[in-house]
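Single-structure report; data block below.
Bear in mind that the values here come from a model prediction, so they are computed numbers and not experimental data. Numbering of ligands and ligand atoms starts at 1, following listing order.
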Amino acid sequence: MSVIVQKFGGTSVADTEKIAAAARKAIRAHQEGHQVIVVVSAMGKNTDQLIALAHELTQDPPAREMDMLLSTGEQVSVALMAMAVHSLGHKAISLTGGQVGITTDSTHTKARIRSISTDRLRRALETGHIVIVAGFQGIDEELNITTLGRGGSDTTAVAIAAVLNAQACEIFTDVDGVYTTDPRLLPEARKVDTISYDEMLELASLGAGVLHNRSVEFAKKFSVPLHVRSSFSDVLGTIVTDESSIQPDPVSGAALVEREARITVEEVPDLPGTNLLLFSRIAQENIPVDMIVQSEGSEGKASISFTVPEADLPRAILVTENVAHTLGASAVSHDGQVAKLSVVGWGMSEATGVAEQMFQALADAKINIHMITTSEIKISVLINRQQARAALRSVHQVFQLHQPSKDRSTSDKVIEREITQIDPVDVVDYLRNMEDLTVHAVSLDCTQGRLTIHGVPDIPGWAAQVFQSLAREKVFIDMIVQGAGHAGRADLSLTVRREDVSRAEEVIRSLLVQSEDKPELNAVAKIAKLSVSGIGMRSHTEVAIRIFQALARHKINIEMVNTSEFRMNVVISDKEGTEALQALQEEFKQIATAEPSH
Ligand code: ADP
Ligand code: ASP
Ligand code: MG
């Protein structure tokens, strides 16, 4: 018999009437002949209230006790849901994460699922019960209650769907699907019918709160078909699936994180190991680092900028100042009033002009770009927080995201992507525990060169001009990074195909001669780009550190970095490409042979 997993979020079980409505949906699926598992979140804002309660006592509650407290929210709602099903004349049983046998590691408040036992679930299903499971929680080896991080009920639902090989996992929520951007921020946002796992993963980790990003990792890893839909109607929602069944749009959605903060370490001696020291110290403090931008340095010095959640800024500044001193950097600067705006699209990697359109839209709205990072399927920019909503609106508009997909048009022509990955080396499918990092391949791309403009004036419209001229010449651009400006100037680096380097150089030079600010251009005909691809590249923050570590051991200097959910790329000098490839292969093979971390 087929299994269906249905998940109801907080607003969908906010009161007993809503719980009864959710129970009816579950019963309907059961009557249609499915075995039904229902995963439930805590009622309404219950989790927030519990957190507030803890903070009335202490600003720093022990994480273990926090999990003990927060898990009660879901325990209330599963019991009520089971009663609701029962009162409607059907058999139901509620189970906590521990009773199901959802085992996790012991990282309280953000535990990762290791395994899920299916015995009890199967027994209950086979005896005709609708099984109601508490979302967001598990137990560790010592039977301590753990939670999976805010929004984690989505992850419980998808993980259960994966182990039971469910026919579908339906995420019932307060919107009727995934939208081109958060409809609460932009009323003209439009529901999309389908979206790929990779796009959804990017959107989820770039701020689209509709799905917990780890739930999408699970869905992708175990090919679970996801259906995001409304709790309050029966309309079809959004199907999240693999990209083969999806029309690739250059841009399919936009996301905003309004509360970020930026830190810049200025004029760090450009030596191997710098990134490693900085980011491993920050990781030790458990501060999540988001955008990392290191643009090519000049005179042996580079500046490294990164963003952290606004709430972590004071701690992050302290650590960074310490490390900066050790590294001999000239200063540490920060900005606590920034927002990150991103666009995501599976078709982006085959289109020219996406960056140009985005930067032009921002320039037209007089919005200055502080930082830029890109990956194969996303472009993120850091902007002033007060301009965040306006920026989201102009970008949403320029990519016609308010229009149905087939009517969308971009001014650019989709080009054949010729970049060949040279020497892709299969590493391992590393998976002992369900949520472990999976590394598929390490590859070396020797087809690109780089251009860096030093001293770009930090004013609206500059990036737009550069990318407009390059798009006009049909120069395909792969990576783009712009670090935070210093004294009103910033450095902008981009990689292009080797055969395009001199043409791109000419185009940019002719732009620069017209500029009064006299930025300098540096072209490098050949660079090496190394990529490590897999699932969980960003949520497993140690990936970046392992890459930095492996390269530092070989004294290889990192010139540029970018990350997406499925790949982390670093640019190094052309002549070190092969050695770096071997170093990374070795590094990720070591993971494969390491002892399971129990
Ligand atoms: P639940 O409690 O059901 O898990 P959440 O609040 O976690 O619900 O997620 C639903 C909310 O996500 C929506 O109300 C919406 O404001 C927000 N959201 C953010 N980005 C998007 C998006 N791209 N599409 C749809 N909803 C989004
Ligand atoms: N109740 C938890 C939270 O509010 C988990 C969830 O709703 O997914 O974050
Ligand atoms: Mg949610």
Side-chain angles (χ1 to χ4, degrees), residues 6-14 18-19 22 25 38-52 66-67 69-78 96-97 109-111 133-138 145-160 169-195 199-216 226-232 237-240 251-258 341-345 392 396 401-402:
Q6 300 187 324
K7 178 256 169 178
F8 293 91
T11 28
S12 312
V13 293
K18 292 198 172 105
I19 291 180
K25 281 196 193 292
V38 181
V39 174
V40 201
S41 293
M43 293 171 71
K45 299 251 167 273
N46 183 272
T47 310
D48 292 331
Q49 286 156 2
L50 293 171
I51 293 172
M66 233 17 217
D67 280 353
L69 177 69
L70 297 192
S71 64
T72 62
E74 271 70 12
Q75 201 171 325
V76 170
S77 47
V78 284
T96 63
T109 75
K110 39 183 175 292
V133 178
F136 169 62
Q137 55 177 261
I145 296 179
T146 54
T147 65
L148 309 180
R150 297 303 307 269
S153 295
D154 296 331
T155 297
T156 306
V158 182
I160 290 181
C169 181
E170 297 181 300
I171 306 286
F172 287 98
T173 182
D174 61 357
V175 268
D176 55 8
V178 176
Y179 278 63
T180 48
T181 195
D182 188 343
R184 274 189 232 177
L185 298 180
L186 215 61
E188 64 264 39
R190 194 184 44 79
K191 187 177 94 182
V192 297
D193 296 331
T194 49
I195 190 161
E199 287 170 313
M200 192 63 239
L201 251 177
E202 287 290 337
L203 283 171
S205 69
L206 294 170
V210 63
L211 285 175
H212 195 223
N213 64 338
R214 281 161 49 195
S215 73
V216 192
L226 270 186
H227 184 180
V228 181
R229 59 191 310 189
S230 169
S231 285
F232 312 123
T238 302
I239 305 289
V240 188
V251 174
S252 53
L256 187 64
V257 180
E258 286 185 284
L341 170 66
S342 312
V343 296
V344 170
L392 176 65
H396 195 267
L401 293 178
H402 53 296

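Remark: the backbone N or O of V192 is paired with a side-chain donor or acceptor of T238 at under 3.5 angstrom. Judged by distance alone, the side chain of H227 and the main-chain N or O of G237 form a donor-acceptor pair under 3.5 Å. Counting only distance, with no hydrogens or angles, the side chain of R214 and the backbone of G149 share no donor-acceptor pair below 3.5 Å. Between the side chain of T155 and the main chain of S215, a donor-acceptor pair closer than 3.5 Å is present.
Ion pairing of D174 with K18 is absent here, as no side-chain N (NZ or NE/NH1/NH2) approaches a carboxylate O to less than 4.0 Å.
Remark: of the listed residues H402, E188, H396, H396 is the sole one forming a side chain to side chain donor-acceptor pair (under 3.5 Å) with T180.
The contact shell of ligand 1, taken as protein residues with any non-hydrogen atom closer than 4.0 angstrom, comprises K7, G9, G10, T173, D174, V175, G177, V178, Y179, T181, D182, P183, R184, A208, G209, V210. Near ligand 2, heavy-atom contacts under 4.0 Å come from S41, A42, T47, E74, F136, R150, G151, G152, S153.
In the model, T147 has a side-chain atom that pairs as donor or acceptor with a side-chain atom of D67 under 3.5 Å.
The stretch residues 148-160 participates, sequence neighbours left out, in these salt bridge (charged side-chain N to carboxylate O under 4.0 Å, His left out) pairs: K7-D154, D48-R150.
Evaluation of the side chain to side chain donor-acceptor pair (under 3.5 Å) rule for S12 yields S231 as partners, not counting sequence neighbours.
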